[in-house]
Amino acid sequence: MHIPDGYIPLEQAAVYWIIAILFIARSIKWARKDLNENMIPLFGVLAAGMFVLQTINIAANLLIPVPMLTGVSWHVVGATLAAIIFASPWAAVLLITLVLAVQSLFGDGGITAMGANILNMGIIAGFIGYYSYIGLSKLSIKRPIAIFTGAWLSMILPAIALAFELWFAGTFPLKQGALLMGTFQGVAGIGEGLITVIVFGAIIKARPDIVEEDAPQKVSTIKVAAAGIVALFGLAIAAPFLTSSNPDGLGQTANVVLKHEINSAITPLFSSYSIPGMGEMGKVAAIVIGFAAIIAVWFVAAKILKKGST
Amino acid sequence: MHMSITEFERETYRKSPIHRIDGRIKILMTLAIIVYAVALPRMDSLDLIKLGLLEIYLIILMMFARLEFSYLAMRFAIALPFGLGIAAFQPFVRQPFIQDFTILYTLPLGIEVSREGALFGVIIFAKFLVCISAVILLSSTIPMSELVSSARRLGLPKELALLFTMMVRYLFVFWNMLGRIRTAQKTRCFEIWNKNVPRKWTLEQIGYTISSLFVRSYEQGERTYQSMLCRGYNADAHVYVGRKKITAPDIFIFTLTIAIIAAAQVRVV
Amino acid sequence: MNIIETRELTHVYRGKITALDGVNFTAKPGERISIIGANGAGKSTLFKHFNGILKPTSGDVLIKGESISSKNILDVRRTVGVVFQDPDDQIFAPTVKQDVAFGPMNLGLSPGEIEKRVRESLETVRLTGFEERAPHHLSTGEKKKVAIAGILAMRPEVLVLDEPTAGLDPGGAMRLIKLINEMNRYLGITIITATHEVDIVPLLSDRVCIMSKGKIIGDGTPLEMFSSPELIKKTHLRLPIVARLMEMLQEAGVPVGVKFTLEEARDELLRVVK
Amino acid sequence: MNIIETRELTHVYRGKITALDGVNFTAKPGERISIIGANGAGKSTLFKHFNGILKPTSGDVLIKGESISSKNILDVRRTVGVVFQDPDDQIFAPTVKQDVAFGPMNLGLSPGEIEKRVRESLETVRLTGFEERAPHHLSTGEKKKVAIAGILAMRPEVLVLDEPTAGLDPGGAMRLIKLINEMNRYLGITIITATHEVDIVPLLSDRVCIMSKGKIIGDGTPLEMFSSPELIKKTHLRLPIVARLMEMLQEAGVPVGVKFTLEEARDELLRVVK
Ligand SMILES: Nc1ncnc2c1ncn2[C@@H]1O[C@H](COP(=O)(O)OP(=O)(O)OP(=O)(O)O)[C@@H](O)[C@H]1O
Ligand SMILES: Nc1ncnc2c1ncn2[C@@H]1O[C@H](COP(=O)(O)OP(=O)(O)OP(=O)(O)O)[C@@H](O)[C@H]1O
Ligand SMILES: [Mg+2]
Ligand SMILES: [Mg+2]
């Protein structure tokens with residue numbers, strides 16, 4: 001599930017990064033307001049736990065070196081678990097960001113691609129998992145089933161998003177990708193669902209003092225409905241591509257639109273990697289400028305947050 | 001396959017010219033190399049020369065960092081499979097941005113291997129290799145705690161820094177707990193395929209294992225956190241990062257890296 | 001004034017298990033106190049209240065006359081240093097040196113001073129040479145020593161030790177006892193210890209409190225406490241070996257008094273023999 | 001035949017720390033052996049080889065004459081029951097009862113038999129009434145008792161105990177010692193113990209091995225081992241208190257022999273006094 005560096009072009013990676021940064025900034029606000037000091041160890045342990053469980057998976061990967069599976073290896077994602085325990089999808093965004101950061105140090109998932117990874121496994125998975133769980137709970141469905149479904153959906157939908165991202169990047173055909181990763185994550189999602197149910201149950205039982213059991217009832221129905229609409233809207237856009245016999249043709253049409261939207265803003269700077277009239281040096285300069293731009297976004301985000309904290 | 005997290009951390013405490021470089025410089029260097037590698041055009045065989053040059057530079061830095069060969073081999077062995085999958089697929093795929101394909105072989109079932117696809121696969125793998133090398137170099141020469149404080153100096157928000165530090169700390173707790181539980185089970189003859197016991201019971205035990213792993217790690221983590229508080233720790237005290245001067249060698253290595261990137265770009269046309 | 005005082009301190013774990021049940025305990029500056037009692041009597045729970053790790057279910061804990069609150073908690077923890085029973089609860093840094101330096105760092109000491117304290121503490125527990133080892137990969141006794149060094153380096157006014165000698169080899173245990181007594185004699189540090197090794201109680205304390213089922217049911221000098229057989233029996237304790245031997249001789253008709261330390265016993269026996 | 005034998009057993013932790021250095025150790029069925037030595041001597045490391053938890057860096061471990069391999073590992077663990085030093089390494093189930101039942105369950109015993117063994121083991125360590133408690137929410141001593149009960153319930157042929165009495169109250173410790181000796185006398189179970197409490201060594205063993213820096217440097221009866229002052233000094237040990245008192249009397253000119261247990265010492269002293 002983790003996209004490595006080099007598999008999506010820089011300008012697309014930058015777009016994902018910008019989305020991710022916006023969400024991370026908001027999740028830090030959440031931490032500042034709602035993560036009390038007693039919960040810090042739990043947060044740390046959950047993050048560490050996600051990482052260690054995935055490391056075991058690294059070991060399994062080396063034992064069964066099936067090349068096809070290694071790029072899309074099975075991972076315990078844990079976004080749903082974090083969101084449910086901390087009663088906020090923002091917790092999932094924050095937690096997954098930390099996990100991905102440490103993982104990238106081990107070479108699992110890229111640095112430039114981290115934005116996309118955060119988008120899939122933190123943002124999409126966290127929100128889908130959490131609101132599915134809340135929605136189902138509101139329909140008075142048994143808790144384990146609600147959790148399981150949330151966790152399962154939080155595995156499969158990011159897989160579809162991933163297929164789209166790789167398709168945009170030109171590294172993988174859409175339909176095969178969606179089928180392959182969807183199936184894979186659909187199966188892995190069963191494991192994810194079970195683990196989420198088990199761990200949540202254990203934590204509730206051992207430490208009823210730290211997890212609010214009736215949290216689902218407190219979330220407003222409007223929010224859940226809104227989340228549902230956003231998700232359906234997303235699927236509605238995705239569906240024609242997935243069902244079309246010629247998604248690439250559709251892609252070309254979409255590309256025309258996208259070119260005007262996103263690419264037109266970014267392409268001149270990044271895509272040809274040159275500044276007119278400067279020859280080869282121009283390319284270097286373009287890269288330096290692009291690099292500086294990302295750092296600038298980083299700084300601005302940090303500054304904004306700093307202002308809020310004092 | 002035993003690369004414990006402690007061992008990984010141990011390597012970062014070596015003494016070498018590379019270990020001594022300021023953390024901020026190392027982070028920026030790594031980012032520069034990765035961003036450059038990723039930014040190279042998708043289909044250009046010259047890429048391979050540029051990437052090769054960068055890889056050689058990184059290997060030289062690793063040698064200066066006095067990292068053990070067996071350790072590096074292990075790190076690469078862990079990291080490489082992640083990238084191999086998709087790259088290995090490329091020769092069979094019709095990339096949408098390539099116009100003409102030269103078919104090299106046709107396999108049964110009508111699967112075709114194209115030269116362009118193969119070239120693209122090699123290029124993304126080379127990019128990936130360079131990025132991984134950069135990340136391995138960084139993470140082998142800077143302790144996690146310093147990585148965090150350097151990132152703090154580069155503007156990482158303090159909440160992220162705090163949570164990141166806690167997470168790294170609990171990695172050890174969790175890892176330890178995993179080992180303990182496995183020992184406990186082994187000592188008492190637990191075996192997943194044991195035919196003496198009902199399947200249901202075994203499955204239950206696996207469930208208990210996962211839950212006790214989390215609950216006990218959490219409680220151990222909580223106790224450790226409390227004992228940190230007992231020793232005068234508080235979240236704000238930690239987040240304070242002193243100023244640190246960038247020295248001449250730091251500037252030198254940074255300039256050298258940028259120069260090498262520029263040279264790769266300008267000389268290799 | 002009492003440096004530590006608990007008033008009707010009660011602690012109930014998760015609404016079910018009453019570990020402390022109205023404990024009134026006081027320690028004056030410079031005292032040496034041992035707390036003994038059966039497994040599960042509540043010793044460790046009591047100690048975790050001394051520096052505010054646990055919050056009372058009811059009752060109050062006062063340090064230097066002030067009730068523990070979020071305002072003075074940092075001061076409390078600077079005043080009272082607790083070495084927990086399980087060293088794994090206490091050590092966490094990647095190297096022994098960093099672990100011992102952690103407390104002094106947080107006290108904001110100068111790097112030179114930190115360096116000095118770390119060196120001294122490690123020397124005291126004889127772990128010089130272990131600076132760069134990972135504390136989680138040490139033997140049990142070595143871990144215990146790291147935990148003790150970490151608290152010693154902070155130089156607290158009250159040193160609270162939960163089973164300090166468990167897992168230490170006899171040489172290490174004797175050295176620790178000597179050190180603790182020196183810290184008490186020369187620096188006036190108050191010492192509170194919980195231990196099951198009754199033989200070291202007379203060496204470590206002028207006052208003994210006996211706990212049973214969450215209550216303090218006895219408080220006095222070692223002589224007083226060890227001379228009430230019912231109390232001892234009831235709390236799963238036993239006499240120190242030396243005292244037991246003297247008692248056995250008494251029973252056999254030898255006119256000796258009950259002594260607690262080796263030296264006293266020798267002198268008493270020599271008196272009888274000659 | 002030896003029930004446990006190690007041949008030139010060497011263990012190096014992560015390529016750096018030599019914890020065992022050519023250990024040759026043998027235990028015959030029915031023996032009672034104590035292994036003593038300073039912190040970090042390698043006792044726990046040695047014990048972890050007895051049931052194949054660690055793999056030798058070089059050398060060999062033989063159980064009933066057979067080298068440990070993946071084929072016989074389950075048999076080995078059925079034969080040799082190890083109680084680890086740290087009870088946290090041993091307990092993991094959600095309740096005390098499930099934890100103690102875990103071993104018997106894996107042995108494939110009938111539910112009735114399991115029930116019986118669990119009840120008996122918990123009675124032995126006096127934890128009746130704790131069945132439904134969570135083992136990780138117990139006091140240190142109580143955890144230790146759960147760990148011991150978990151191994152007792154498996155009825156191994158060899159019982160290996162790493163610091164069994166550390167953290168137990170004196171009453172519990174005495175009961176455990178009595179139980180161990182009974183298991184040895186009536187069931188012929190081989191007992192191997194590591195301990196720092198030298199006072200219990202004479203009660204628990206007929207043979208003492210002294211370890212130092214990963215080697216066994218002394219092997220003999222308690223009397224032989226405790227009569228070589230250099231060996232004792234070098235390994236941070238001390239004499240049992242009773243023996244030390246007798247020695248002190250000897251030095252003061254009283255004509256007594258060095259004894260190790262209370263009863264022997266009393267009789268010796270009575271002889272002199274009369
Ligand atoms: N975290 C916990 N949750 C629930 N109960 C607990 C917890 N810790 C201790 N207890 C219970 O509280 C009581 C007192 O425990 P405590 O640890 O204070 O005993 P102790 O006197 O230190 O015993 P020991 O000599 O074995 O260390 C015991 O009955 C124990 O089972
Ligand atoms: N997991 C580990 N990794 C690295 N070194 C270890 C590890 N465990 C123990 N050691 C080292 O191996 C040596 C022997 O340790 P061991 O635990 O066997 O000692 P021990 O005799 O049981 O000591 P103690 O009396 O303190 O329990 C020690 O120097 C210790 O630091
Ligand atoms: Mg205790
Ligand atoms: Mg040991």
| message | Which one wins on heavy-atom pair count under 4.5 Å against chain D: C/Glu197, C/Lys145, C/Arg14, C/Arg238? | response | C/Arg14
| remark: Looking only at D/Lys16, D/Arg133, D/Arg126, the option with the highest number of non-hydrogen pairs under 4.5 Å against chain C is D/Arg133
| said: If I measure from the heavy atoms of chain C, does D/Lys233 come under 4.5 Å with its side chain, its backbone, both, or neither? | reply: neither
| note | Correct closest heavy-atom pair for C/Asn39 and D/Gly141 would be ND2-CA, 3.4 Å
| query | Is the count of non-hydrogen atoms from other residues, nucleotides or ligands lying under 6.0 Å from D/Lys143 atom NZ greater than 12? | reply | yes
| note | Residue from D/Lys43, D/Gln85, D/Arg244 scoring the most non-hydrogen pairs under 4.5 Å with chain C is D/Gln85
| request: Taking the side chain as every heavy atom from C-beta outward, state whether D/Asp169 and C/Leu237 have any atom pair closer than 4.5 Å. | output: no
| request: Report yes if some heavy atom in the side chain of D/Ile17 is under 4.5 Å from a heavy atom in the side chain of C/His137; otherwise report no. | output: no
| query | Looking only at heavy atoms, what is the nearest atom pair of C/Glu142 and D/Gly40, with distance? | reply | OE2-CA, 3.5 Å
| request: Pick out which of C/Val272, C/Leu245, C/Val256 makes a side chain to side chain contact (heavy atoms under 4.5 Å, CB included) with D/Leu269. | output: C/Leu245
| query | Checking side-chain contact (heavy atoms from CB on, under 4.5 Å) for the pair D/Thr140/C/Asp86: CA distance, chi angles, key distance, verdict? | reply | CA-CA 8 Å; D/Thr140 314; C/Asp86 186 349; 5.6 Å; no
| task | Output all residues satisfying side chain to side chain contact (heavy atoms under 4.5 Å, CB included) with D/Ala166, sequence neighbours left out; order by chain, then residue number. | result | D/Glu163
| field | Top contributor to chain D interface from C/Leu168, C/Val198, C/Asp199 [non-hydrogen pairs under 4.5 Å] | value | C/Leu168
| request: Check C/Pro170 against D/His236 and note the closest heavy-atom contact, atom names and distance. | output: CD-O, 3.5 Å
| Using non-hydrogen atoms only, which part of D/Asp162 is less than 4.5 Å away from chain C: side chain, backbone, both, or neither? | neither
